[in-house]
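Here, residue 1 is the first one in the sequence, and each next residue gets the next number. From a predicted model like this one, the values you see are computed outputs, not experimental measurements.
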Amino acid sequence: MTPTPQPTDTPVTTLPVADARRTRAEILRRLRTLRRRLGAALLTLLGGTAATLATPPLLGGIVDTVADGAAKSHVLVLGIALAAATAVGAALACAGGRMLVALVQEVLAGLREDVFETAVHLPVNTLESSGSSDVVSRVTRDVEAVSEAASDVLPEVTNAGFTIGLSLVGLAVLDVRLALAGLVCLPVHAYATRQFLHRSHRVYGDIRRLESARGQAVIEAVRGAESIVAYRTQAHHLDDLAERSVHAVERQRDGVKLRNRFTGLLNAAEFLGLAAVLVTGFALFRSGAVTLGAATAAALYFHRLFGPVGALLGSLDDIQRATVGLSRLVGITDLGGRPAHPGSGARRPGRPGSPDIDVKGVSYAYDGTRPALREVSLHAPAGTSLALVGASGSGKSTLARLIAGIGTPDRGSVTVGSPDAPAFRYLVTQEVHLFGGTLADNLRLARPGATDDQLRHALREAGADWEPALADGLDTVLGPGGTPLDDGSVQHLALARVLLADPPVVVLDEATAESGPRTRALLQGALARVTAGRTSVVVAHRLEQARLADRVLVLRDGVVAESGTHDELLAAGGAYAALWAAYHRARRGGGPAVSP
């Protein structure tokens with residue numbers, strides 16, 4: 001079936017983004033479970049910073065010793081103390097940094113797992129309304145931004161904060177006036193930081209959203225490539241992609257301008273502060289208020305602030321990116337706390353009994369604007385098969401997916417089993433995904449504990465007569481870089497998964513649509529074995545499948561046009577009878593024997 005092209009400017013509802021307060025609360029909640037390790041890491045970093053900050057007064061002492069003409073042995077002692085302080089500071093800083101990175105990466109790993117688990121369990125209608133690129137960008141780029149900040153920026157920022165605080169204490173100990181002189185740079189720092197924080201969060205958020213929109217345009221174009229070529233709309237899609245790319249690049253340019261201005265103001269603040277300390281130190285030395293060593297130590301203290309202050313304020317760029325990423329990740333995890341949609345309950349092993357299917361007054365519209373179903377009702381007794389028939393766009397696949405528990409109707413209800421304990425359902429579509437890995441890995445997705453003999457039995461029952469011919473059998477690697485499978489073989493694999501999962505209800509949405517003449521008969525036999533003893537719903541790609549079903553439901557423009565057995569509908573001479581006649585004419589004429 002050729003997908004209907006959708007306009008790329010259709011409004012997309014983005015997934016939620018947590019606010020700053022909710023994001024902080026979530027991170028603090030995760031850190032509280034590791035507070036002892038966090039405290040040990042911070043104390044180790046503090047010790048390393050204190051050791052390295054002994055350098056300026058030791059250098060100042062050497063200057064005073066030389067100026068006073070003291071013994072060389074005193075200079076040697078100070079030099080040894082200087083080397084020891086440097087070595088101890090470096091060792092403690094390294095150890096504390098490693099401890100902090102390990103702790104934060106552990107927290108991030110838990111967050112990443114929660115995000116991924118929540119994302120893969122989101123209702124399909126939620127994902128479709130937001131665009132798959134939004135989810136992809138969150139579990140890739142946002143996680144990457146947070147990971148980089150946690151590994152590279154956080155230890156540096158923590159160490160910089162300790163260095164700044166202890167350096168200001170050191171300046172005050174030498175002379176309060178020297179510390180006050182160094183504070184001349186604070187107004188410039190404060191102005192630069194305020195301006196950057198005020199605009200950067202919004203700019204970086206816009207960049208992520210625009211990149212997601214650009215990625216969504218690419219995904220939609222790839223998915224609908226056949227339709228785009230058929231309708232000759234390549235130029236329109238390329239123009240749309242170019243426009244989205246320009247918007248993203250322009251916003252990225254705004255981000256670069258913000259960073260450049262911020263860096264320039266930081267450099268100006270450092271110049272002002274150092275000049276003030278040098279002038280004040282010279283004046284105090286001239287008046288005899290401080291020694292030459294103390295003035296030297298003050299200048300060194302302030303000069304040592306250049307790196308930490310620059311690291312602290314310069315890292316705000318990475319921190320803002322990580323903050324935006326965290327907000328988007330926490331927004332995903334918060335969705336995991338919402339009530340699950342019908343059909344998302346825990347998998348039940350085995351097949352204790354086939355349940356009834358009841359659909360009452362169901363209506364559904366895509367994006368809330370494109371009606372797909374209107375007041376559809378049906379009943380499929382336990383253990384029977386129901387075929388859905390209709391022209392393309394009649395609502396067959398939408399109804400099948402709702403019965404399978406994927407999505408929630410706008411109105412009405414879908415009950416499979418009991419409302420309190422819905423039965424496990426298994427959906428097979430014509431788009432079967434082949435995962436990278438071995439044949440056994442692909443099969444054990446349905447039953448992780450299955451033995452090799454059970455896997456081979458399921459393949460035989462699914463008509464996969466090609467498995468014994470594989471060089472490595474069940475260990476044959478499939479997917480990219482491995483052994484390719486044709487469409488028919490992939491569908492055999494999908495049916496084998498159904499047999500391994502052994503669900504009480506199976507929904508087959510044109511599960512043999514891509515099969516060729518060679519595999520069609522094998523797949524038809526496999527379908528009969530898959531549906532045997534189960535309540536089944538089959539979207540009929542070929543009307544022969546409808547003839548074999550216990551009951552047939554004919555859909556037209558999202559409403560039920562006819563319902564009954566194959567023989568009853570033929571006798572009625574309505575829409576189904578017309579479809580059946582066209583089906584047989586096509587078969588006699590050599591055309592495609594498919595439902596229109």
Side-chain angles (χ1 to χ4, degrees), residues 18 20-55 84-120 136-167 204 208 304-305 307-334 336-337:
R21 178 179 297 180
R22 173 70 188 100
T23 303
R24 283 195 301 270
E26 178 63 20
I27 297 305
L28 290 175
R29 182 187 70 81
R30 293 174 181 270
L31 286 175
R32 273 196 296 270
T33 62
L34 303 168
R35 55 183 175 272
R36 290 186 178 179
R37 287 172 56 191
L38 178 62
L42 293 178
L43 285 175
T44 304
L45 283 172
L46 181 61
T49 302
T52 57
L53 287 178
T55 301
T86 302
V88 171
L92 290 176
C94 178
R98 290 173 64 89
M99 293 167 63
L100 188 60
V101 168
L103 181 146
V104 173
Q105 284 295 339
E106 185 175 329
V107 172
L108 181 59
L111 178 60
R112 183 190 298 117
E113 291 172 3
D114 290 347
V115 168
F116 187 78
E117 181 178 0
T118 303
V120 298
V136 171
S137 68
R138 295 193 191 208
V139 298
T140 54
R141 293 186 179 182
D142 289 328
V143 169
E144 181 181 351
V146 177
S147 180
E148 288 178 353
S151 300
D152 303 330
V153 178
L154 186 58
E156 185 178 13
V157 167
T158 304
N159 191 52
F162 288 154
T163 301
I164 293 170
L166 294 178
S167 295
Y204 290 144
R208 292 295 171 82
R304 284 182 64 87
L305 289 176
V309 170
L312 184 62
L313 298 180
S315 63
L316 288 176
D317 183 49
D318 295 314
I319 292 174
Q320 283 292 82
R321 294 174 185 271
T323 301
V324 171
L326 278 173
S327 299
R328 286 159 58 83
L329 293 175
V330 174
I332 290 283
T333 61
D334 285 347

For [X], which residues count as a side-chain hydrogen bond (donor to acceptor under 3.5 Å, both in side chains) partner, sequence neighbours excluded?
| X | answer |
| --- | --- |
| R36 | none |
| T23 | S327 |
| R24 | none |

Distance (rounded to the nearest 0.5 Å) between [X] [atom1] and [Y] [atom2]:
| X | Y | atom1 | atom2 | answer |
| --- | --- | --- | --- | --- |
| L43 | L38 | CG | CG | 9.5 Å |
| D334 | R22 | CG | CZ | 4.0 Å |
| E26 | L111 | CD | CG | 7.0 Å |

Show which side-chain atoms of residues 91-106 pair as donor or acceptor with protein atoms under 3.5 Å away, not counting sequence neighbours.
unit_1	atom_1	unit_2	atom_2	d
Q105	NE2	S151	OG	2.5
E106	OE1	R37	NH1	2.8
E106	OE1	R37	NH2	3.4

Legend entry - Pairwise side-chain contact, D114 with R30, heavy-atom cut-off 4.5 Å (strictly under): yes
Inset, instruction - Could you list the residues that satisfy salt bridge (Lys or Arg N to Asp or Glu O under 4.0 Å) with R21, not counting sequence neighbours? - result: none
Legend entry - Residues forming a side-chain contact (heavy atoms from CB on, under 4.5 Å) with L46, sequence neighbours excluded: F162, L166
